Structure formats: structure tokens, C-alpha cells
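Computed from a prediction, not measured in an experiment: that's the story for all the values here.
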Amino acid sequence: MKIDFAPFQIPVHRRLQTAAVLQWVFSFIGLAPTCIFLFFYLLFTRFWLISVLYAVWWFYDYDTPSRGGRRVPFLRDLKLWDYMRDYFPIKLVKTADLDPKQNYVLGFHPHGVLVAGAFTNFCTSATGFSQLFPGLTSYLLMLPLWFRAPFFRDYIMCAGLIPSDKESASYPLCKKGGGNAVVIAVGGALEALDAHPGTYNVILAEKKGFIKMAMERGAHLVPIFSFGENEVFDQVGNQRGTWLRWTQERLQRIMGIALPLFHARGVFQYSFGLMPYRKPIATVVGRPIRVERNQKPTAEELDALHQLYMDELSNLFEEHKGNYGVDKDTHLNFV
């Protein structure tokens, strides 16, 4: 295989963009295992007290992730994230105002391989979420598993990430006065297995938990479609029915995390590696769907709102697909 190396003379700003995305990919894939290893390794060195003191801190701080986390604006505002935004580039598109006196459940579609659009738009200040939607605080949901990793849990909380279990996700929506937006990658880890370039499969047909949560809390629903999310990585063929897909789905059920066999480019060459391609991502935030509080919705009420949400997401996709290079004959496929 011929390797296509990157030119030697590359502008500094592009090198900084690559470095920013490299650290993000490492954080997503390798930082949690590294933190776990470091925690136990220190116990057998002269720095053992660090792990012991952290364990004490962890004990007293255990419930913080499920109580809205502990965001650090300084970290979210770092110039680092501007370089990551410009690498692809990524932009956040507003289609309607969101009243800061209300709470919201934002459904993010599709998940993609590493949810680059969701992280950049809702965990950093790089794309101007606070300017586009003044008065709103965003909370991106992440698998609870990651909040059990020492040190790593504190890092991801700084960015505004909270666990995706119902108790944690509901906590910001219980705050009076509004101004809280919980962002859910509805398709979850399983949808990452469908993240192939040129595909528009959305796992939503049977996903009603977030709809019920919105009804119980009286939080308005907002559909989001992130154009380009599936384009930044290639993935080994794993069509439904193949032995690879069967294995991946079983592992996902056991471990709770998906294991897509993805690849793209490298740091110094463009032929192979785990760095995403430089392809644009446009995250379009749709119109809010008004939801009246109903602590005990009937099956019929739940199904009706779920269908309305799917219709609004489909309409959002159809209205904007032409702006982002999607063929007019291509439509969302609800799985």
C-alpha cells in the first residue's frame, strides 16, 4: 500500500489543529484506561499517598456526577477547542430561539463514531452555544461507566458531562427557573456501529425513554441533526446479519460500550490511522416541541409525542440536507 505522507511545509495553525484533535481522540479512547492504571500504579510507589487521598476525595464526591457535575468554564473556554473546531471545521446552526425560562431535552442524531459534533458544540465554547442560546446551560450525557474511572471522571465533569442514567439526566431538568438543556445522543453506543460515510440510519423507532423523561419533567424537546457526523471516519464493513456485527452487538450488550472498527488518517500521513478526516460537521438545532408536564403519561400519549418527535427530526433533515451535500433522494432511515 502506498502511503500518502503529509507535506513537510504545513502552516503552524494546521499543526495546532491536528494536535488538538489528537489529544481529543486520545482522551476518548485511551485516557480513562491510563488514569485507572496510574491510580493503581501510584499505590506501589513512593507517591502512594496521592491515590489514597484521591480515594478519600472520591468517596465524599461520589454523587457529584449525578447532581449536575462540576463544570469548569476555564477549561471549556480554552483556545485548544477553537483549533479542534477549525480542524473539521464544526459549526452550530440555530433555527429557532430557545426560551431560557424553560428546560429542554435535546436529542442529538446521529451518534457517529466519537460524537465529535456533540462534544465540540455542547462541552466547549468553541462554536458559541452560549451566544446562540443565551441563558441556557448544556449537559451532555455520557455512559455512567466512564464516571467510575479515577481522575478521568473529574476531567469529563469539567466539560459539563454527566452520566446518562435516568436519575442523573433528570437532575438538571428538576431545577426551577429553567435554563437547563440536557443533550442526549439518542441512538447511543449501538448507533456508532451504523456510522458509515453516506449513511443516515438513526436508532429511534423504539427509543422512548427520553420522551418519557421530558414528559415527566415538563421539558421541551428539541431535535438535532449533525450533518457530516458519519463522514469523519471509515469503518470496517459490519452490515446487519454479518458475524462481525453479531459479535459487536453482543459485546455492546455485555460491556455497555460499542467497539466500532474505525479508521481514517494518521498524524503525519493520510493513508491510515485513528485521526478523523478533515470533513465539515454542521450541527443543526431544530425548533422546540412544547411538552406539558405529565408525571404518568399513558402509552398512547407517549407514542403520540414520540411520533411527533420523529416527524420533526425528519422535517429538520429534509429542510437542511440540501445545504450540506445530501442528495435530494436521500431520507432518514429510522431503525
Side-chain angles (χ1 to χ4, degrees), residues 27-28 30-43 48-77 100 102-108 111 115 118-119 122-125 129-130 135-186 188-189 207 209-219 252-258 293 295-296:
S27 296
F28 202 103
L31 186 56
T34 300
C35 288
I36 294 171
F37 172 80
L38 179 63
F39 176 80
F40 288 105
Y41 172 76
L42 291 176
L43 288 173
W48 59 269
L49 188 59
I50 294 176
S51 291
V52 171
L53 290 176
Y54 182 83
V56 174
W57 157 255
W58 192 359
F59 175 79
Y60 284 103
D61 194 57
Y62 188 81
D63 291 332
T64 297
S66 62
R67 296 294 181 268
R70 184 174 47 249
R71 68 183 56 232
V72 177
F74 169 76
L75 182 64
R76 292 168 57 95
D77 295 340
Q102 300 290 335
N103 288 324
Y104 297 89
V105 174
L106 277 57
F108 183 90
H111 183 285
V115 285
F119 177 84
F122 304 112
C123 293
T124 79
S125 302
F129 177 84
S130 297
L136 285 187
T137 300
S138 60
Y139 299 85
L140 180 62
L141 302 190
M142 192 174 190
L143 287 174
L145 171 69
W146 301 119
F147 293 87
R148 298 168 190 157
F151 306 122
F152 183 71
R153 67 186 287 276
D154 300 277
Y155 175 66
I156 57 179
M157 277 196 293
C158 289
L161 287 150
I162 61 174
S164 58
D165 60 273
K166 185 177 180 180
E167 179 186 358
S168 303
S170 298
Y171 185 82
L173 303 178
C174 296
K175 295 181 179 180
K176 296 181 179 179
N180 299 289
V182 171
V183 185
I184 305 175
V186 178
K207 294 281 188 176
F210 75 106
I211 301 288
K212 185 177 182 181
M213 181 177 70
M215 296 180 76
E216 291 174 342
R217 303 302 176 187
Q252 192 274 331
R253 290 172 187 170
I254 295 171
M255 302 170 59
I257 57 175
R293 187 170 186 177
Q295 293 185 320
K296 293 183 178 181

How long is the gap from [atom1] on [X] to [atom2] on [Y], to the nearest 0.5 Å?
X    : Y    : atom1 : atom2 : result
L49  : L43  : CG    : CG    : 10.5 Å
F151 : S51  : CZ    : OG    : 5.0 Å
Y62  : W57  : OH    : CH2   : 15.0 Å
F108 : L141 : CZ    : CG    : 12.5 Å
N180 : Q102 : CG    : CD    : 11.5 Å

Could I get the full list of ring-ring contact (aromatic ring centres under 6.0 Å, His included) partners for [X], not counting sequence neighbours?
X    : value
Y104 : H220
F129 : F122, F133
F210 : Y309
Y41  : F37

With sequence neighbours excluded, tell me which residues meet side chain to side chain donor-acceptor pair (under 3.5 Å) with [X].
X    : answer
S125 : D77
S170 : none
T64  : D61

Show me the side-chain donor-acceptor pairs of residues 154-164 shorter than 3.5 Å, one per line, residues at least two apart or across chains.
residue, atom, partner, partner atom, Å
D154, OD1, R70, NH2, 3.0
D154, OD2, Y54, OH, 2.4
S164, OG, M142, O, 3.4

Closest contact, heavy atoms only, [X] versus [Y]:
X    : Y    : result
A219 : L173 : CB-CD2, 4.1 Å
I257 : W146 : CG2-CZ2, 4.0 Å
Q252 : A189 : NE2-CB, 4.2 Å
A169 : V182 : O-CG2, 3.5 Å
K207 : V186 : CE-O, 3.6 Å

Please tell me if the side chains of R76 and S130 come closer than 4.5 Å, counting only heavy atoms from C-beta onward.
no
Which pairs count as salt bridge (Lys or Arg N to Asp or Glu O under 4.0 Å) when at least one residue sits in residues 142-151, sequence neighbours excluded?
none
Using the side-chain contact (heavy atoms from CB on, under 4.5 Å) criterion, which residues pair with A149? Sequence neighbours excluded.
A32, I36, F152
Which residues satisfy the side-chain contact (heavy atoms from CB on, under 4.5 Å) test with C174, sequence neighbours excluded?
R217
Chi angles and distances behind the side-chain contact (heavy atoms from CB on, under 4.5 Å) call for I184, V105
CA-CA 7 Å; I184 305 175; V105 174; 3.7 Å; yes
Heavy-atom donor-acceptor pair, D165 side chain to P144 backbone, under 3.5 Å
no
For D63 and S66: C-alpha separation, side-chain torsions, deciding distance, then whether side chain to side chain donor-acceptor pair (under 3.5 Å) applies.
CA-CA 6 Å; D63 291 332; S66 62; 4.5 Å; no
With sequence neighbours left out, write down each residue that passes salt bridge (charged side-chain N to carboxylate O under 4.0 Å, His left out) with K166, or none if nothing qualifies.
E216
